[in-house]
Amino acid sequence: MSTPNHDLAQRMAELARATAPPRDVDEVLTDVTAAATAMIPGTDTCGVLLIGKGGKFESLFGTSDLIYELDALQEQCGEGPCIEAALNELIVRTDDFTTERRWPKYSQAVAELGVRSGLSFKLYTSASTAGALNLFGREPHAFDMQSEAIGSVLAAHAASAIIASRHGEQLESALTSRDTIGQAKGVIMERFNVDAMRAFEMLRELSQTTNTRLTDIATRVIETRGG
């Protein structure tokens, strides 16, 4: 009979094989964020935040539209756990944003959206780019020491992918993918009269059921726009 730790070890090994080079960095990071929501209890949304020269924010590989809203709030407030992890700390955990005092403006805004917990991991820092893997939950005290342990392994895989991309050259492809997905969401929203979150879910569902990269699905959707 397998134990929870044995099952976890197996899933980690599978992820390690799946994220090994020479896959594109955007594919690896998409898998890592999906794995975080599946493997870390209490995770309602997950994504990657990159901070470039001049403080330019790029929110990528989100498992739902909520992560993009949370990252945008951080940029507006100029503070938050993802920024702290990307630029300074290795791991930043928030047990309850309603009582969090390190980032008062951001914490209040996040709590008003119904998000109570956060967990961020430093991914990569260079002269031009810093990044963090970020998890959020709607329940307080959603994350614990085991969450940090699992997330650290996932973050290590993500960081390895970024480093292997030769100092971020492939991140340009990742940013293009983000724009493509955004355009495809707009097509689906207009065609099916759904909101942005449902449009994103439809794209991911189609990607999973057809075993096709999310970016490729998005490209096909855009190509049907004129039909």
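Quantities reported herein were computed from a predicted structural model and do not represent experimental measurements.
Contact of the Phe97 side chain with the Phe136 side chain is registered, since non-hydrogen atoms from C-beta on lie closer than 4.5 Å. The shortest side-chain heavy-atom distance between Leu135 and Phe121 falls under the 4.5 Å cut-off. With a 4.5 Å cut-off on side-chain heavy atoms, Glu100 and Asp96 do not count as touching. Residues Val115 and Glu69 are not in side-chain contact: their nearest non-hydrogen atoms beyond the backbone lie 4.5 Å or more apart. Taking 4.5 Å as the limit, some side-chain heavy atom of Leu203 sits within range of a side-chain heavy atom of Ile188. The closest side-chain heavy-atom distance from Leu119 to Glu148 is below 4.5 Å.
The backbone N or O of Val221 sits less than 3.5 Å from a side-chain atom of Thr224, completing a donor-acceptor pair. Side-chain atoms of Ser120 never come within 3.5 Å of backbone atoms of Asn134 as a donor-acceptor pair (strictly under, hydrogens ignored). Checking side-chain atoms of Asp44 against main-chain N and O of Arg138 turns up a donor-acceptor pair under 3.5 Å. Between the side chain of Thr180 and the backbone N or O of Ala218 there is no donor-acceptor pair closer than 3.5 Å.
The shortest non-hydrogen separation linking Ala35 to Leu154 is CB-CD2, 4.1 Å. Of all heavy-atom pairs between Leu29 and Ala158, the closest is CD2-CB, 3.4 Å. Taking both residues in full, the closest heavy atoms of Arg213 and Ser207 are given as C-OG, 3.8 Å, listed atom of the first, atom of the second, then distance. Nearest heavy-atom pair, Val32 versus His157, reported as atom, atom and distance to 0.1 Å: CG2-CB, 4.4 Å. The two atoms that bring Ala142 and Ser147 nearest to each other are O-OG, 4.4 Å, heavy atoms only.
Atom CE in Met39 sits 10.0 Å away from atom CD in Gln146 (nearest 0.5 Å). To the nearest 0.5 Å, atom CD of residue Glu112 and atom CG of residue Leu73 are 9.5 Å apart. Leu60 CG to Ile67 CD1: the interatomic distance, rounded to the nearest 0.5 Å, is 11.0 Å. To the nearest 0.5 Å, the span separating CD1 on Ile217 from CD1 on Ile222 amounts to 12.0 Å. Distance CG/Leu133 to CG/Leu49: 10.5 Å, rounded to 0.5 Å. Rounding to the nearest 0.5 angstrom, the gap separating the CG atom in Leu50 from the CZ atom in Phe57 is 10.5 Å.
The number of heavy-atom neighbours closer than 6.0 Å to CD of Glu139, taken from other residues, nucleotides and ligands shown, is 12 or below. Annotation for Gln108: atom CD does not count as buried by contact number, only 12 or fewer foreign heavy atoms lying within 6.0 Å. Dense packing is recorded around CD of Gln208, with more than 12 heavy atoms of other residues, nucleotides or ligands lying under 6.0 Å away.
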TODO: Step by step, work out the salt bridge (charged side-chain N to carboxylate O under 4.0 Å, His left out) result for Lys185 and Glu201.
DONE: CA-CA 9 Å; Lys185 279 168 48 183; Glu201 290 172 353; over 6 Å; no
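Residues Thr219 and Asp216 have side chains that never bring a donor and an acceptor to within less than 3.5 angstrom of each other. With hydrogens and angles left out, the side-chain atoms of Thr94 and Arg116 include no donor and acceptor closer than 3.5 Å. Inspection of the Ser64 and Thr45 side chains reveals an N or O donor paired with an N or O acceptor under 3.5 Å.
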Donor-acceptor contacts, no H, no angles, side chain residues 79-92, under 3.5 Å, sequence neighbours left out:
residue : atom : partner : partner atom : Å
Glu79   : OE2  : Lys105  : N            : 2.7
Glu79   : OE2  : Tyr106  : N            : 3.0

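Clustering ILVMFWY residues whenever any of their side-chain heavy atoms sit less than 4.5 angstrom apart, transitively, puts Val110 in the very cluster that holds Leu113. Phe192 and Leu214 fall within a single hydrophobic cluster, where Ile, Leu, Val, Met, Phe, Trp and Tyr side chains are chained together by heavy-atom contacts under 4.5 Å.
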